[in-house]
Amino acid sequence: MSVSQNPDLPFRLGVWIVAARPRTLSMALAPVFVGACFAHAFAGRVNLAAMFVAALSAICIQIATNLFNDAGDFERGGDGPDRLGPKRAAASGLLAPREIKRAAFGCFALAALGGLYLAIVGGWPIVTLGALSLLSGWAYACGPAPISYTPLGELFVIAFFGLGAVGGTYWLAAGALAPEPMLAGLSLGLFAAAVLMVNNFRDAAADARVGRRTLAIVAGPAAARSLFAAMMAGPFILLGALIALAPQRALWLGFGALPMALAQVKRLYAMPPGPALNAVLARTAQTQALFAFLLGLGALA
């Protein structure tokens with residue numbers, strides 16, 4: 001039977017697409033977009049080829065991290081029948097953990113291939129950042145002490161999905177760093193941390209059952225809600241600092257995402273942990289994407 005006649009092929013492809021968690025990919029693309037816009041606005045130059053490769057590499061690292069998380073959580077018993085989030089490929093028996101990990105390493109290989117070109121453009125700082133990103137993507141859910149089982153997960157995403165991603169993209173164009181992209185990176189990192197906080201707040205009971213000590217568990221429900229609110233408010237406070245640094249730019253456009261951010265805070269305070277928080281998680285990621293788009297647009301204006 002040819003590949004085109006295989007009735008299982010569309011189903012298998014669909015399973016892999018779901019396992020990659022496409023709704024999270026905006027968290028990989030948003031920092032690259034903002035870094036590129038800031039490089040054009042504040043450094044006066046941008047390497048479009050490098051930005052394209054950086055975006056593809058970031059997507060590959062994001063997908064690999066998601067796949068390692070899928071396999072690693074299943075192997076540690078973290079995705080049991082009481083899971084409140086979307087079903088995972090390994091826990092549902094749709095894919096074997098071994099093949100999920102193989103695919104994750106394949107995504108890492110593609111990211112590293114792109115990283116070779118980026119290393120030529122950006123030098124050793126990009127080599128270091130890329131190596132740390134690959135290592136952390138694996139260590140987040142795998143290894144002897146997964147980051148996702150500790151209260152450090154939010155710091156991880158701030159560092160790599162915010163500061164590192166925006167700062168690294170800016171470096172590829174300018175060959176230096178500046179306060180503006182670092183503040184923008186911290187802002188996007190806080191939104192990414194808020195996405196993780198919603199996820200861990202929703203899953204606190206199931207996570208505690210398997211020995212996880214996420215920030216949501218350590219802090220408790222009341223403090224977790226307050227931390228989420230702070231993570232959603234922080235980018236707009238930092239936006240004020242950005243506007244003061246670059247009053248000639250229309251960075252104030254970023255405040256257009258504030259109503260959406262406030263709506264998610266209100267919803268988290270009103271809802272108990274449960275499947276309904278899946279919508280809050282998705283909208284929080286969308287808030288980051290909207291903020292990034294408006295911030296980048298404001299930098300170019």
Side-chain angles (χ1 to χ4, degrees), residues 16-17 19-69 101-140 156-178 180-189 191-192 195 285 288-289 291-293 295-297 299-300:
W16 280 110
I17 290 174
R21 306 182 201 178
R23 292 183 179 181
T24 69
L25 299 186
S26 65
M27 294 172 60
L29 291 174
V32 176
F33 172 75
V34 170
C37 291
F38 271 52
H40 186 275
F42 297 107
R45 49 183 174 165
V46 63
N47 185 328
L48 292 179
M51 300 303 100
F52 180 73
V53 174
L56 291 179
S57 295
I59 289 174
C60 287
I61 292 174
Q62 174 74 60
I63 291 175
T65 303
N66 291 342
L67 293 175
F68 278 126
N69 185 252
K101 288 183 178 180
R102 280 201 303 265
F105 280 118
C107 289
F108 271 176
L110 290 174
L113 186 62
L116 293 176
Y117 168 72
L118 297 179
I120 295 172
V121 175
W124 284 108
I126 296 300
V127 174
T128 302
L129 177 61
L132 289 175
S133 297
L134 294 175
L135 176 62
S136 297
W138 170 80
Y140 181 75
F156 164 84
V157 297
I158 289 172
F160 288 97
F161 290 91
L163 291 167
V166 176
T169 303
Y170 188 90
W171 178 277
L172 285 169
L177 294 178
E180 293 87 354
M182 299 314 293
L183 285 174
L186 182 56
S187 297
L188 294 187
F191 276 124
V195 172
Q288 186 210 41
F291 180 86
F293 174 74
L295 187 63
L297 187 64
L300 296 176

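What you see is a predicted model; the values in this text were computed from it and never measured. In what follows, every heavy atom counts, from backbone to side chain, and hydrogens, waters and symmetry copies are set aside.
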Engineer: Give, for atom CG of L172 and atom OH of Y117, the distance between the pair rounded to the nearest 0.5 Å.
Structural biologist: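 Rounded to the nearest 0.5 Å, the CG-OH separation comes out at 8.5 Å.
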Engineer: Going from CG on L134 to CZ on F160, what distance comes out if it is rounded to the nearest 0.5 angstrom?
Structural biologist: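 Rounded to the nearest 0.5 Å, the CG-CZ separation comes out at 10.0 Å.
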Engineer: Looking at CH2 of W171 and CG of L129, how far apart are the two atoms once the value is rounded to the nearest 0.5 Å?
Structural biologist: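 If we round to the nearest 0.5 Å, W171:CH2 and L129:CG are 11.0 Å apart.
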Engineer: Please check if atom CZ in F293 has more than 12 non-hydrogen atoms from other residues, nucleotides or ligands closer than 6.0 Å.
Structural biologist: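 Atom CZ in F293 is not packed in, count stays at 12 or less.
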Engineer: So, for F291 and S187, which heavy atoms are closest and what is the spacing to 0.1 Å?
Structural biologist: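 Shortest heavy-atom contact: CE2-CB, 3.9 Å.
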Engineer: Nearest 0.5 angstrom please: L295 CG to F33 CZ, how far?
Structural biologist: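 If I round to the nearest 0.5 Å, the distance is 9.0 Å.
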Engineer: Side-chain contact test, heavy atoms from C-beta onward, threshold under 4.5 Å: evaluate it for R21 versus N69 and give yes or no.
Structural biologist: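 Sidechains of N69 and R21: in contact.
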Engineer: Which atom names give the shortest non-hydrogen contact between G167 and L177, and what distance separates them?
Structural biologist: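 Taking G167 first and L177 second, the nearest heavy atoms are O-CD2, 3.4 Å.
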Engineer: Give a yes or no on whether the ring-centroid distance for F68 and F108 is below 6.0 angstrom.
Structural biologist: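 Between F68 and F108, the centre distance is under 6.0 Å.
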Engineer: Please report the interatomic distance CE(M51) to CG(L56), rounded to the nearest 0.5 Å.
Structural biologist: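 M51 CE to L56 CG: 12.0 Å, rounded to 0.5 Å.
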Engineer: Is there side-chain contact between P22 and I17, with heavy atoms separated by less than 4.5 Å?
Structural biologist: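 With C-beta onward as the side chain, the pair touches.
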Engineer: Which heavy atom of P181 sits nearest a heavy atom of V166, and at what distance?
Structural biologist: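 Heavy-atom minimum between the residues: O-CG1, 3.3 Å.
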Engineer: Heavy atoms only: give me the nearest G168-I126 pair and the separation to one decimal.
Structural biologist: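 Residues G168 and I126, closest heavy atoms: O-CD1, 3.7 Å.
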Engineer: Are F161 and L188 packed together at the side-chain level, in the sense that at least one heavy-atom pair is separated by less than 4.5 angstrom?
Structural biologist: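 F161 vs L188: side chains apart.
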Engineer: Is there side-chain contact between F38 and T169, with heavy atoms separated by less than 4.5 Å?
Structural biologist: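 No, side chains not in contact.
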Engineer: Specify the closest pair of heavy atoms between A41 and A299, including all atoms of both residues, with the distance to one decimal.
Structural biologist: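 Closest approach of A41 to A299, heavy atoms only: CB-O, 3.2 Å.
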Engineer: Between the main-chain N or O of A39 and the side-chain N or O of R45, is there a donor-acceptor pair closer than 3.5 Å?
Structural biologist: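 The answer is no, because no donor-acceptor pair under 3.5 Å joins these two groups.
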Engineer: State, to 0.1 Å, how close A111 and C60 come at their nearest heavy-atom pair, and which atoms those are.
Structural biologist: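 Taking every non-hydrogen atom into account, CB-CB, 3.9 Å.
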Engineer: Mind checking whether Q288 and V195 have side chains closer than 4.5 Å, heavy atoms only?
Structural biologist: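 No, too far: nothing below the 4.5 Å cut-off.
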Engineer: Can you tell if the side chain of L163 reaches within under 4.5 Å of the side chain of M182, non-hydrogen atoms only?
Structural biologist: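 L163 vs M182: side chains touch.
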Engineer: What distance separates L25 CG from I63 CD1, expressed to the nearest 0.5 Å?
Structural biologist: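 These two atoms lie 5.0 Å from each other.
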